[in-house]
Asker: 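Next up is a structure, given as structure tokens.
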Amino acid sequence: MNAPELTEDDPLGLYQRTTETGIEWWRVSVADRPESYRLEHGIDQPEVAGSVDIDLVVDAENLRAKLKKWRREGFAIDIGEAASDERAAGRVGFISELQRAAARARRTNGLVADHGNGTVQVGTVQVPRGVAHPLVPRVNPAYLFPARFDDIVQDIVENRRVMLIGHTGAGKTSLIEQVAARSLHGVLRANMNGQTTAGDFVGFWTVKGGETLWVDGVLPTAMREGHWLIVDEIDFAEPSILAALTAVLEPHGRLVLKERGNEIVAPHPAFRLFATANAVGAMSQFRHLYQGANLMNEAFLDRWRVHMLDYLTPAEESDVLVRTLAPHMTRALAATLAAIAADCRAAFAREDLSSAFSTRRLLDWAELMLRTGDPERAAGPAIYAKVSPEDAALIRGIIRHHIAPAA
Ligand SMILES: Nc1ncnc2c1ncn2[C@@H]1O[C@H](COP(=O)(O)OP(=O)(O)O)[C@@H](O)[C@H]1O
Ligand SMILES: [Mg+2]
């Protein structure tokens, strides 16, 4: 027989009434047995242990009768208030409790596992050092590591799969390369927009001098040798490449080379996997600017730490200009140039401009104008020749807005 329905949708909670001697209460909770309820009764302070004088288990029908009786006797349910008090306490106490927990976690995780070569400080993070190798990128001494990059670098140290999303030229690839350059790790890149086939990526059989040879693709090469692999523009990758990648997205994930009789490739401890994309996740609001990009599904994205990288701020970018083009670039010149770049990017985001304005383009233009002494002439090969006539006209207008022509 089915238990009769309770009049209340949710009978659980605290029922209270005020008497001469204090607050009298009944608490209804779920009992261990199915379809039964635990009833506790007491006077005053339901949270104090030992204040319970009745403790029994009833079925649903019995509870319904009790609820009727309590209502007659003037008990009112306090579930909302109790729950919201508890919620309010949690809301207020959360951050301080979290900070204590995070401090404990930092103490226990403080020691970085290195590969036996010590560590290098990048920003404020200690990164395990690799070894010199032709694939280690060159250090760019003018490269700026703002404090907001620390979380990304920490994710690299912890062997997370890191995806950087942001506009073209925001600095996604160079960030990874500069961490690798400073910590002596080789970098391999595979661009998914066009050139890279599944064979390039995973590997292929070939015939050489009458012999059949297996050639590792970039993924098994990086995994075996402990290089860092950047999968650029991952939102253009073909499904067979994404399938191969999915297998190694776990920190110690192995690659199975089906083409080689299911050979298993285990990752070298120094191996790291990165991806970059323009229009994924939080950047998908800009999809119209990046034609042909695929939406990545959430399950795939959840296997990555996805960091959004914006262009450097004008103050940071002037800093980079001054440092890169020392000793001739002045602060005043740099500030104006950074402001022009910022205006061009705003025009790109509004779709007034169809070409992005990277820090690389700005640096190149600045370098050329230090040679020519003429911003307009320098803009020819550094900017105008690379964009459509409409874009060139608009950029020329932005530049004129910031720089009065020579008298
Ligand atoms: N933090 C930075 N400090 C110095 N230069 C930077 C920084 N970020 C980006 N740049 C410059 O911008 C250029 C373009 O960055 P890149 O990594 O190629 O962008 P993306 O991969 O996002 O398209 C780099 O070559 C570098 O010169
Ligand atoms: Mg790039």
Side-chain angles (χ1 to χ4, degrees), residues 122-125 127 137-153 156 162-183 185 187-196 218 228-237 272-283 286 289-291 293 304 306-326 329 331 334-335 337-338 340-342 344-345 348-349 353-368 370 382-383 386-387:
V122 177
T124 65
V125 181
V127 181
R138 273 233 314 260
V139 170
N140 171 1
Y143 191 85
L144 196 73
F145 280 98
R148 61 180 177 277
F149 289 4
D150 283 356
D151 274 339
I152 303 175
V153 178
I156 301 174
V162 171
M163 184 184 294
L164 299 180
I165 59 172
H167 285 306
T168 111
K172 302 179 293 297
T173 309
S174 54
L175 167 52
I176 301 160
E177 285 178 341
Q178 287 307 307
V179 179
R182 283 161 168 74
S183 60
H185 288 94
V187 173
L188 288 170
R189 285 170 65 176
N191 195 309
M192 296 298 122
N193 196 356
Q195 313 93 318
T196 310
V218 281
W228 292 8
L229 175 61
I230 306 176
V231 181
D232 260 324
E233 306 195 55
I234 194 167
D235 39 347
F236 287 87
R272 295 290 184 276
L273 181 62
F274 301 88
T276 72
N278 298 125
V280 161
M283 285 294 292
F286 299 108
L289 302 174
Y290 301 98
Q291 294 296 320
W304 299 82
V306 181
H307 293 273
M308 197 152 137
L309 212 67
D310 207 344
Y311 290 110
L312 294 175
T313 64
E316 290 164 348
E317 209 162 33
S318 345
D319 226 38
V320 171
L321 280 164
V322 169
R323 286 159 61 160
T324 306
L325 301 173
M329 177 56 63
R331 294 248 151 232
L337 297 178
I340 292 171
C344 290
R345 287 166 194 156
F348 176 68
L353 265 183
S354 63
S355 44
F357 205 100
S358 67
T359 303
R360 184 185 291 115
R361 180 172 286 182
L362 181 65
L363 285 167
D364 191 40
W365 178 40
E367 195 178 345
L368 198 48
L370 284 178
I383 307 171
K386 300 173 184 171
V387 302

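Along the sequence shown, residues are numbered consecutively beginning with 1. Order of appearance sets the numbers: ligands from 1, and atoms from 1 within every ligand. Please read these numbers as outputs of a predicted model, since none were measured by experiment.
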Asker: What are the protein N, O or S atoms, given as residue plus atom name, that sit under 2.8 Å from the Mg ion (ligand 2)?
Answerer: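 Protein N/O/S atoms under 2.8 Å of the Mg ion (ligand 2): Thr173 OG1.
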Asker: With Phe149, which residues qualify under ring-ring contact (aromatic ring centres under 6.0 Å, His included), at least two apart?
Answerer: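 Testing Phe149 for ring-ring contact (aromatic ring centres under 6.0 Å, His included), a comparison that skips the adjacent residues, returns none.
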Asker: When the ring planes of His167 and Tyr311 are compared, do they come out parallel, tilted or perpendicular, using 30° and 60° as the limits?
Answerer: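 Aromatic pair His167/Tyr311 classed parallel.
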Asker: Donor-acceptor pair, Arg272 side chain versus Val162 backbone, under 3.5 Å?
Answerer: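 A pair under 3.5 Å: no.
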Asker: Cut-off 3.5 Å, no hydrogens considered: what does the side-chain donor-acceptor table look like for residues 137-146, sequence neighbours left out?
Answerer:
residue, atom, partner, partner atom, Å
Asn140, OD1, Ala142, N, 2.9
Asn140, OD1, Tyr143, N, 3.4
Tyr143, OH, Leu175, N, 3.4

Asker: For Thr196 and Asn191, does a side-chain donor sit closer than 3.5 Å to a side-chain acceptor?
Answerer: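 The criterion, which ignores hydrogens and geometry beyond distance, is not satisfied for Asn191 and Thr196.
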Asker: Is there a side-chain contact between Trp304 and Val280 (heavy atoms, below 4.5 Å)?
Answerer: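 Side-chain contact under 4.5 Å: no.
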Asker: Charged N to carboxylate O below 4.0 Å: is that the case for Asp364 and Lys386?
Answerer: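 Answer for the salt bridge query: yes.
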Asker: With side chains defined as the heavy atoms from C-beta onward, is the minimum distance between Arg182 and Val127 less than 4.5 Å?
Answerer: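 With C-beta onward as the side chain, the pair stays apart.
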Asker: Tell me which one of Leu362, Leu337, Val322 satisfies side chain to side chain contact (heavy atoms under 4.5 Å, CB included) with Glu317.
Answerer: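 Checked Leu362, Leu337, Val322 against Glu317; only one passes side chain to side chain contact (heavy atoms under 4.5 Å, CB included): Leu362.
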Asker: Could you tell me, for ligand 1, which of its N or O atoms are under 3.5 Å from any protein N or O, listing the pairs and their distances rounded to 0.1 Å?
Answerer:
residue, atom, partner, partner atom, Å
ligand 1, 1 (N), Leu144, O, 2.9
ligand 1, 3 (N), Leu144, N, 2.9
ligand 1, 17 (O), Thr173, N, 3.3
ligand 1, 17 (O), Ser174, N, 2.6
ligand 1, 17 (O), Ser174, OG, 2.7
ligand 1, 18 (O), Arg360, NH2, 2.8
ligand 1, 19 (O), Gly171, N, 3.1
ligand 1, 21 (O), Thr173, N, 2.9
ligand 1, 21 (O), Thr173, OG1, 2.8
ligand 1, 22 (O), Ala170, N, 3.3
ligand 1, 22 (O), Gly171, N, 3.0
ligand 1, 22 (O), Lys172, N, 2.8
ligand 1, 22 (O), Lys172, NZ, 2.6
ligand 1, 23 (O), Gly169, N, 2.7
ligand 1, 25 (O), Arg360, NH2, 3.3

